[in-house]
A.B. asks: 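Supplied in structure tokens, the structure appears directly below.
Atoms within each ligand, like the ligands themselves, are counted from 1 in listed order. All figures in this text were calculated on a predicted structure; none of them were measured in a lab.
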Amino acid sequence: MRQKRILTGDRTTGKLHLGHYVGSLQNRVRLQDKYETFILLADIQALTTHFKNPDLIKKSIYEVAIDNLSVGLDPNKITFVQQSRITSIAELTVFYSMFVTVNTLRHNPTTKTEAKHYGYDDLTYGFLGYPVSQAADITFCKADLVPVGEDQLPHMEQTRKIVRRFNELYGKGQEVLKEPDTLLSPTPRLVGLDGNSKMGKSLGNALYLSDTEREVVQKVQAAVTDPARIRVSDKGHPDICTVSQYHKALNNDEYEDICDRCKRANIGCVACKKRLAGCINTLLDPMREKRAYYENHLDEVKEFIINGSQKANRIGDATMDEVKAAMNIKL
Ligand code: TRP
């Protein structure tokens, strides 16, 4: 029996941060040993919001690939897929778009939130339709499982619906396309350093995997804590403190003890932050080493992406043969 296949990925709009690590990258590292893993570098989806800035996207393709490698994804185990290189993704997107209604796309809650965030008055056709292209990302290789965060659930539902509809329209009782399962991230989303519910580049509250030791220390020192705690002798409220949430996500062994001491005013914010910064730097150190290697061997990274995409194209072309045969448009 073949190993089950996973496909997941990131938009290539900039380097990845600790929120990505906690929410998805650390899980990918665990999954790569159990599943055949495809990591999509979603450059077309990046263009839906950054079409005026293709240079940024090219740079980000390397950055995102290196971020994934630096956390411990093994290039001998995983397959990188550059979205714009995969012809079957483009073809499937077109076929699916014939039967997906504009109304469903308009009501997709994640797309709506993102449209607001980017301040769109006029939604482009590509932006509105990107969940359709995401369905193509997942189905070209008949992925069994898709590990994602909560914000991607509407897209997963959309994908599953498209697969069911396709099979119903053209399958004649056969399952031409595979309906993928969702693997929801086991860890909750990491808050931003400013206490904002989301860590994000555009929010200016992110700790990057590529940050230096000094940057980590400075950013953690500036993080928002319990506003009612002014003096060290004031008792703290870890349940409303940003820093305590970081301890929980990244320094779980000490979490209870730190909260307990904070509540008794037995540890101050400065010391607590120092502990956290130390902990984050210990986590990032081996990643920095791997990153430095790949930054000096960009040709190798490029080769992983090109070879991986070639492999993906072979799989996608086979899927297209089946899809076109089912649709009866193959001469
Ligand atoms: N939309 C995803 C995100 O913003 C990225 C993505 C594109 C993706 N295609 C995918 C994730 C396919 C999983 C499967 O994070």
A.B. asks: Tell me: protein heavy atom nearest atom 1 (N) of ligand 1, and distance?
C.D. replies: Q45 OE1, 2.8 Å

A.B. asks: Which atoms from ligand 1 have a heavy atom of G9 less than 4.0 Å away?
C.D. replies: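 Listed by number with element: 5 (C), 11 (C), 13 (C).
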
A.B. asks: Go through ligand 1 atom by atom and flag the ones less than 4.0 Å from a non-hydrogen atom of Q152.
C.D. replies: 1 (N), 2 (C), 3 (C), 4 (O), 15 (O)

A.B. asks: What atoms in ligand 1 come closer than 4.0 Å to a heavy atom of L7?
C.D. replies: 12 (C), 14 (C)

A.B. asks: Students often mix this up, so state it plainly: with edges at 30° and 60°, are the rings of F127 and Y130 parallel, tilted or perpendicular?
C.D. replies: perpendicular

A.B. asks: Please report whether ligand 1 has a polar contact with D137, defined as an N or O pair separated by less than 3.5 Å (distance criterion only).
C.D. replies: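 Yes, D137 has an N/O under 3.5 Å of an N/O on ligand 1.
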
A.B. asks: Only pairs at least two apart or in different chains count here, so list each side chain to side chain donor-acceptor pair (under 3.5 Å) that has a residue in residues 229-242.
C.D. replies: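 Found D226-H237.
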
A.B. asks: May I ask you to check whether T8 has an N/O atom sitting below 3.5 Å from an N/O atom of ligand 1?
C.D. replies: no

A.B. asks: Taking all non-hydrogen atoms of both residues, which atom of V64 and which atom of G14 are closest, and how far apart?
C.D. replies: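 Heavy-atom minimum between the residues: CG2-O, 3.5 Å.
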
A.B. asks: State whether a side-chain donor-acceptor pair under 3.5 Å links N68 with R28.
C.D. replies: yes

A.B. asks: If the plane angle is over 60° it's perpendicular, under 30° parallel, otherwise tilted; pick one for Y96 and F166.
C.D. replies: perpendicular

A.B. asks: Regarding H20 and D10, is there a side-chain donor-to-acceptor distance under 3.5 Å anywhere?
C.D. replies: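 Their side chains do not contain a donor-acceptor pair, so the 3.5 Å distance test is not met.
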
A.B. asks: Does ligand 1 come near enough to R11 that some N or O of the ligand is less than 3.5 Å from an N or O of the residue?
C.D. replies: no

A.B. asks: Applying a heavy-atom cut-off of 4.0 Å, say which part of Q83 lies close to ligand 1: side chain, backbone, both or neither.
C.D. replies: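 Answer for Q83: neither.
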
A.B. asks: Go through the side-chain N and O atoms of S210 and R288 and say whether any donor and acceptor fall under 3.5 Å apart.
C.D. replies: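 No.
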
A.B. asks: Heavy atom under 4.0 Å from ligand 1: found in D151's side chain, backbone, both, or neither?
C.D. replies: neither

A.B. asks: Judged by atom type as modelled, is there a donor-acceptor pair below 3.5 Å linking the side chain of S309 to the main-chain atoms of Q82?
C.D. replies: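 The answer is yes, because a donor-acceptor pair under 3.5 Å joins these two groups.
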
A.B. asks: Closer than 4.0 Å to some heavy atom of V146 - which atoms of ligand 1 meet that?
C.D. replies: 13 (C), 14 (C)

A.B. asks: Considering both backbone and side-chain atoms of Y130, is one of its nitrogen or oxygen atoms within less than 3.5 Å of a nitrogen or oxygen in ligand 1?
C.D. replies: no

